[in-house]
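First comes the structure, then the notes that go with it.
All heavy atoms count here, side chains included; hydrogens, waters and symmetry mates do not.
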There are 2 protein chains.
Amino acid sequence: MYSQAEENYLKTIYALEREYGNEVSTNLIANKIKTKASSVTDMLKKLALKKLVIYKKYQGVYLTEPGRLTALRVIRKHRLWECFLVQKLNFKWDEVHDIAEQLEHVKSELLISKLDAFLRFPKLDPHGDPIPDEQGRIIKRQTMSIVEMKIGASGTLVGVKDSSETFLKYLNKKNLGLGDKVKVIDIEPYDNSYHIETKTHRLVITSNVAENLLIKNVKR
Amino acid sequence: MYSQAEENYLKTIYALEREYGNEVSTNLIANKIKTKASSVTDMLKKLALKKLVIYKKYQGVYLTEPGRLTALRVIRKHRLWECFLVQKLNFKWDEVHDIAEQLEHVKSELLISKLDAFLRFPKLDPHGDPIPDEQGRIIKRQTMSIVEMKIGASGTLVGVKDSSETFLKYLNKKNLGLGDKVKVIDIEPYDNSYHIETKTHRLVITSNVAENLLIKNVKR
DNA sequence: ATCTTTATTTAGACATATCTAAAATAATAT
DNA sequence: ATATTATTTTAGATATGTCTAAATAAAGAT
Ligand SMILES: [Mn+2]
Ligand SMILES: [Mn+2]
Ligand SMILES: [Mn+2]
Ligand SMILES: [Mn+2]
C-alpha cells in the first residue's frame, strides 16, 4: 500500500499534531526525522497528491481522515511489536524502539491481528502509550506531567513522553519505572528542579525530566 | 548493512546454486524472482563490486564466502520467523512464506538470537528445511525425492522442495503433511504417476508432485 | 515601511532499483 | 563455416527518496 518512508512521515505528522497545535511545519518534521526541509517538502507534495494530508505552500500540513487512520495503524503495529519484544522476548523497555521501527512496516493484516491475540490484546505498550484498535480508535488517558504537580501531590508513574533509549536508560539508572508511586517533595525555585520520592528512595530531577514523566491519579 | 533487494538476490543465488550446479545464469535468477534479465545484470555487477559474488560477463555468477554467509544469515532469519508464525501465532504452513519474506530483512542480531531462544532453538522450519546457526552452518539431511523410490519402498515425509502456497494447499487438500508415513504402491508407466499410501488413505500423484516430496528413512 | 533574518520551496543532482528496446555474445542448427 | 536462435548485456528511461545550493516567501526588527 504505502512505502516505509510515507508511513514514517504520516506517523511523524500525527505525533507532531498531538504535541503542538494544528498545522505542522516543514522544519518541525525535518528535525524530527533528521532529514532536510527540502526532502520534507517533496514528500508533503506526494502525500497531498494521495489525499493523506492537506498541504498548502508555506502553511504547513495536517492529516486527512485517511492519513490519520494510516498513521494510527502504523502506530498500532509499532506498539504491539514493542509489547511482543518486551513480554515474549525479554527485551528491556529501552531496547525495543528501533526494532519496532522496522517491524511496524511489515504488511499483513492477519499477522497483526494474530499478534494482538497472542499478546492477549494489550491496551498499553511498554512505555505506557495506548495501543489503537483495528479501527484506529485510541484511548485518551487522564495523566499529568510532573511539572504540573504542586508540592505534596502524589500519584503513579504510568507513562513517558520521551521514549528514547537515552531517557529510558536514565530512568533505569535512577530506579524509576512504570507503576512506581511518586510524590513531589519540593520544587527548587532557583533551577526549577523537582525533589521527588518513591516507595524506595528520594531523588532530584530537572524540570526537563519532570516534563517527560506522566502521572496518573494525582492526589492533594 | 545490505539492502532488501541485495539480500533477496543473495538468497536466490544460494538456492539456485544448491538446486542446479555451480554458476547460476542471469535468466535463471530473473525467472525465480520475477524480474527482467537486465535488472539481474545490473544487480550482479553491484554484488560483484561488493565482493559478494564472482561474476564474469556471460558466464553466470556464484557466491563468495561472504556472499554465502550473508545468504545463510537471511535464510536463518526467514526460517526462524516461519517457526514463530506457525508455532506461536498459529499460522498454517502455507500462510507464512510471504510474511517471513518481509520479516527476514529486519536488522538486529539480538532480535534473532532472542527469537531463537524463545522458540527453543528449532532445527527445522515448518516446511522441513534446516535452520542455519549463527555461523551459517547448516545440516545436510539424508532425504530422497519420491521419484527416486522403487515400487514397495516406504519412508517418512519430512520435507518439500516447493514451499509455495499453491503446492502446500494442494497437500493440505490431499491430507498429506510432514511426519506422514508414505509407501509407493505402484508407478504407472503411461503417465509416470505415483500411487502412494499413507496410514490413513491412498492417492495418486503426478511425477511433478512426487519430485517435490522429500522422504527420510526409505526402506525396501 | 523598509531592512534583515528565518523558513520554505525550487532547481538540479545523485543513489537505488526497476523497465523496454537495441546491441552484443554465445549456443545451436544446417 | 555460416546462419539462426537464445541469452545476456548495454543504453536510456522511469520512479522513489534523498541532498545541496539558489530563489522565494514570510516573519521579525528598526
Ligand atoms: Mn516506540
Ligand atoms: Mn518506522
Ligand atoms: Mn525477502
Ligand atoms: Mn520455509
Check your understanding: Thr26(B) near the nucleic acid: base, sugar-phosphate alone, or nothing, with a heavy-atom cut-off under 4.0 Å?
Key -> sugar-phosphate

Exercise for review: Can you sort out the partners of Glu148(A) under salt bridge (Lys or Arg N to Asp or Glu O under 4.0 Å), two or more places apart, ordered by chain and number?
Suggested key: none

Revision key, fill the gap. Between the CD1 atom in Ile75(A) and the CD1 atom in Ile138(A), the distance rounded to the nearest 0.5 Å is 6.5 Å

Practice item. Please state whether the rings of Phe84(B) and Trp81(B) are parallel, tilted or perpendicular, taking 30° and 60° as the class boundaries. Key: perpendicular

Point to revise | Any residue meeting ring pair (Phe, Tyr, Trp, His ring centres under 6.0 Å) with Tyr9(B), in chain and number order, not counting sequence neighbours | key: none

Point to revise | Partners passing salt bridge (Lys or Arg N to Asp or Glu O under 4.0 Å) against Lys216(B) (at least two apart in sequence or in another chain) | key: none

Exercise for review: Indicate the atoms forming the closest heavy-atom contact of Leu72(A) with Pro132(A), along with that distance.
Suggested key: O-CG, 3.7 Å

Between the protein and nucleotides 13-17 of chain C, list the N/O to N/O atom pairs that are separated by less than 3.5 angstrom.
unit_1, atom_1, unit_2, atom_2, d
dA17(C), OP1, Ser3(B), OG, 2.4
dA17(C), OP2, Lys46(B), NZ, 2.1

Review point. Looking at Tyr14(A), is Arg18(A) sitting on its ring face, NZ or CZ under 6.0 Å from the six-membered ring centre and within 45 degrees of the normal?
Key: yes

Review point. So does Asn27(A) get a side-chain nitrogen or oxygen closer than 4.0 Å to the phosphate oxygens (OP1/OP2) of dT8(C)?
Key: yes

Point to revise | Members of residues 29-38 of chain B that approach DNA chain D, where some heavy atom sits under 4.0 Å away | key: Ala37(B), Ser38(B)

Review point. Going 5' to 3' on DNA chain D, which nucleotide is the first and which the last to come under 4.0 Å of a heavy atom in chain B?
Key: dT7(D) to dT10(D)

At a cut-off of 3.5 Å, list every protein nitrogen or oxygen paired with a nitrogen or oxygen from nucleotides 25-27 of chain C, distance to 0.1 Å.
unit_1, atom_1, unit_2, atom_2, d
dT25(C), O4', Tyr58(B), OH, 3.3

Revision key, fill the gap. Those residues at least two apart in sequence (or on a different chain) that pass side chain to side chain contact (heavy atoms under 4.5 Å, CB included) with Asp98(B) are none

Point to revise | Pairs meeting criterion side-chain hydrogen bond (donor to acceptor under 3.5 Å, both in side chains) with involvement of residues 66-80 of chain B, two or more places apart | key: Glu65(B)-Arg68(B), Arg76(B)-Asp116(B), His78(B)-Glu82(B), His78(B)-His97(B), His78(B)-Glu104(B)

**Study point:** Taking every non-hydrogen atom, the tightest pair across Arg137(B) and Gln135(B)
**Key:** NH2-NE2, 3.0 Å

Please tabulate, for the side chains in residues 21-34 of chain B, all donor-acceptor contacts under 3.5 angstrom to protein atoms that are two or more places apart in sequence or on a different chain.
unit_1, atom_1, unit_2, atom_2, d
Ser25(B), OG, Leu28(B), N, 3.3
Asn31(B), ND2, Asn27(B), O, 3.4
Lys32(B), NZ, Glu19(B), OE1, 3.4

Exercise for review: Please list, chain by chain and in numerical order, all residues satisfying salt bridge (Lys or Arg N to Asp or Glu O under 4.0 Å) with Lys45(B), sequence neighbours excluded.
Suggested key: none

Practice item. Could you pull out all residues at least two apart from Ala117(A) that satisfy side chain to side chain contact (heavy atoms under 4.5 Å, CB included)? Key: Phe121(A)

